[in-house]
Peer 1: 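I am attaching a structure below and will ask some questions about it afterwards.
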Amino acid sequence: MHDRTHAAAAIAHAASTESDGETQSSAARSPKWAKYHAKMAGEFPSPFRGDDDPLARQINTFVEKLDMLRPEKGGPAFLGKNPALTYAYPDVKNITVPQAMGDLDQVLDDVVKLFEGAPNWGNPLTMCNVIPQSNTAAVVASMLSQVFSANILEGEYAWNVHRAELETAGMVANMFGWTPVNSGAIYTYGGGGCWTYGLKYGLTRVLKDSRNKGVRTDAKVICSQQAHYVQQNATDWLGLGMDNIVHVRTDVATNQMDLGHLEELLTDFAARGIPVATVVCTMGTTDASAFDPIALVREVMDRHPNPAGFGKAVLYADAVVGWSWVYFKDYDFDANPLEFSDRILPVLRRNGEAMRALEHADCVGIDFHKVGWAPYVSSCFLYRDATEFESIHRRGADAYLQARTPYNPMYYTLEVSRTASGSLAGWATLKYFGKEGMQAILGGILETKYYLYDLIRSHPDMVCVNPDDTGLITLFRVYPKDIDAQVQFGRELSDPALRSDLIKHNHLTEAVGNKLFEWFRSGKQIDGKYTPYMSFSTGFRATTYNRDGTDDEAVVYALKSFPMNVFITPETMQWALHCVAAARDEVLER
Ligand SMILES: *Cc1c(COP(=O)(O)O)cnc(C)c1O
């Protein structure tokens, strides 16, 4: 009796009793599982047009419900009414799968509730980190990828959806100055994934046996002191070992890699027969937005090749946060078609120029979910020579997957199944923003950043501590009212005699930062208005007398404003500084 015909009949029967609303006695004839089955089939997306489509309806309903969590204009920077964390850790894990089938609407209502208290990235008061509100094209594109589950591991399951990844390779490679059809792109799991790919490329190219025999040579990975901490994840998980990371000193003023030191290191390794797998240039550090001089790094690498028997080291550009400045590489600064102010034009020019040298990289990582206004995860690893990259990482075919199209990245990617949500988000962003849209958003935020900078200068008790950085971040300190912040900080930065003052004011900075977070989190209002969601750094740079960083405490703490959203205005910045001063006063009162 348990054959397929019986099952099909039971399902059909249950389905018809559902829709016809037959009497209970009639419905009772179908087995219980079939009734569940029929109910669920009615709640799955319909494969055919014409039927009522529960999916489109539910998406509309629940996006609207989610949107109801947004505050009225001028509301706090969190969603919903309750800013508190509502679970206890680890007790929250003491839960089992429910026995009965759930109610669809109830489950989705519960999903909406999970967002209660979450940060609202689009609120102009939010300026805590490099986390943008996602643009509409990217959100919808990313959601659409879920409806028909394109799997971009191979062509058969992705079909034309693969254009998103392939055309990303072409569009971005063109901006980098690479030959588009010769280059390639892999959307992956974050800037961390990109770094891992960059290191893997080096290991594969330099240690030719490593794919079969394992990593048996202590090849080095070289990056600057300012490189992102994901260097540890990558070297650890790839089995190279974190001890093989070598740091190049950075210039105290520019935070750039010191080429003299790099040359020393490469000379020494070559003399000792030690190969280098990958050299990483950070093209836009997370806080200072410093760009390593990648064209010159390429020259130094060419002068100091790996010892005989090893392949050529790979040059990876970690541009995950800084990549968007490439949009200003070819901007017409004389005609200035978008009419940016004279205040920011030289900054845009400098950032665009720095990205010109990306053409020298073998591979580059970019995050659309950072300065690309796209949802997670939409990181993209790009390589200049697709023929090389894809052949040296090539694995054999699998019995159950056949190559039906010319593009089948499963043969050389880290992942097996890959969602199209990142590739569609990135691609939609590239197409929707165009060059001028991206230039307008980036430039507009930079205008606001310099507005804040000038505003800080008009407050004697505040000082901007990264005046030379050309990124979107403003780092600043607030001092007790009677102190001339500019003068005091200048001395704290360079005079060891003021070490204890520096540390005292570091603590003040941290306390103000924590006070602001507490206010944001508790929905505090000052004069009827909510306070900004900012953050702080506990040591974004060392003092000038502590260049090698041996003194853990002789570092500079700073409050951080990282405006990322298009709704931020000069008034928001005025208000932010007002709240910083109020937080300082409250901290010092105690
Ligand atoms: C954010 C960041 C990373 C890590 O990227 P994820 O997308 O968070 O994985 C790596 N490098 C730099 C320079 C970064 O700013």
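Note that ligands are numbered from 1 as they come in the structure, with each ligand's atoms numbered from 1 the same way.
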Peer 1: Could you find the nearest protein heavy atom to atom 14 (C) of ligand 1 and give me its residue, atom name and distance?
Peer 2: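 That would be Lys370 NZ, 3.0 Å.
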
Peer 1: Which of the atoms of ligand 1 are close to Gly190, meaning less than 4.0 Å from one of its heavy atoms?
Peer 2: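 That gives atoms 7 (O), 9 (O) of ligand 1.
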
Peer 1: Could you tell me how the ring of Tyr453 sits relative to the ring of Tyr450: parallel (under 30°), tilted (30 to 60°) or perpendicular (over 60°)?
Peer 2: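 Plane angle over 60°, so perpendicular.
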
Peer 1: Around atom 15 (O) of ligand 1, find the nearest protein heavy atom and jot down its residue, atom name and distance.
Peer 2: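 So the nearest neighbour among protein heavy atoms is Thr286 OG1, 2.9 Å.
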
Peer 1: Give the atoms of ligand 1, by number and element, whose distance to some non-hydrogen atom of Asp367 is under 4.0 Å.
Peer 2: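 So the answer, numbered in order with elements, is 5 (O), 6 (P), 7 (O).
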
Peer 1: If the plane angle is over 60° it's perpendicular, under 30° parallel, otherwise tilted; pick one for Phe381 and Tyr316.
Peer 2: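 Because their plane-to-plane angle lies in the 30° to 60° range, the rings of Phe381 and Tyr316 count as tilted.
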
Peer 1: With atom 12 (C) of ligand 1 as the reference point, say which of Val230, Ile131, Val320 has the nearest heavy atom.
Peer 2: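 The residue whose heavy atom sits nearest atom 12 (C) of ligand 1 is Val320.
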
Peer 1: Output the list of atoms in ligand 1 that are nearer than 4.0 Å to some heavy atom of Gly192, sorted by atom number.
Peer 2: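 So the atoms of ligand 1 that pass are 4 (C), 5 (O), 6 (P), 9 (O).
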
Peer 1: Any chance OH of Tyr411 has more than 12 other-residue heavy atoms, nucleotides or ligands included, within less than 6.0 Å?
Peer 2: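 Yes - once you tally the heavy atoms of other residues, nucleotides and ligands closer than 6.0 Å, there are more than 12.
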
Peer 1: Under a 4.0 Å threshold between the charged nitrogen and the carboxylate oxygen, would Glu353 count as salt-bridged to Arg350?
Peer 2: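 So Arg350 does not pair with Glu353 through a salt bridge.
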
Peer 1: Mark the output for Asp318 as yes if a heavy-atom distance to ligand 1 is under 4.0 Å, and as no if none is.
Peer 2: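 Judged by the 4.0 Å heavy-atom criterion, Asp318 does count as contacting ligand 1.
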
Peer 1: Does an N or O from Thr282, backbone or side chain, lie closer than 3.5 Å to an N or O of ligand 1?
Peer 2: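 Thr282 vs ligand 1: no N/O contact under 3.5 Å.
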
Peer 1: Tell me, which protein residue and heavy-atom name are nearest atom 6 (P) of ligand 1, and how many Å apart are they?
Peer 2: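 Among all protein heavy atoms, the one nearest atom 6 (P) of ligand 1 is Gly191 N, 3.1 Å.
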
Peer 1: Can you name the atoms of ligand 1, numbered from 1 with element, that are less than 4.0 Å from a heavy atom of Val321?
Peer 2: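 Near Val321, the atoms of ligand 1 are 15 (O).
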
Peer 1: Hey, do the aromatic rings of Tyr557 and Phe536 have their centres closer than 6.0 Å?
Peer 2: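 Between Tyr557 and Phe536, the centre distance exceeds or equals 6.0 Å.
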
Peer 1: Please work out which of the three classes, parallel, tilted or perpendicular, describes the rings of Tyr376 and His369, given edges at 30° and 60°.
Peer 2: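 Judged by the thresholds at 30° and 60°, the geometry between His369 and Tyr376 is tilted.
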
Peer 1: Less than 6.0 Å separating the ring centroids of Tyr383 and Trp178?
Peer 2: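 No - the distance between ring centres of Tyr383 and Trp178 does not fall below the 6.0 Å cut-off.
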
Peer 1: Drop me the distance from Met175's CE to Asp330's CG, to the nearest 0.5 angstrom.
Peer 2: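 Going from the CE atom of Met175 to the CG atom of Asp330 covers 10.0 Å.
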
Peer 1: Show the atoms of ligand 1 that are less than 4.0 angstrom away from any heavy atom in His369.
Peer 2: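 Result: 7 (O).
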
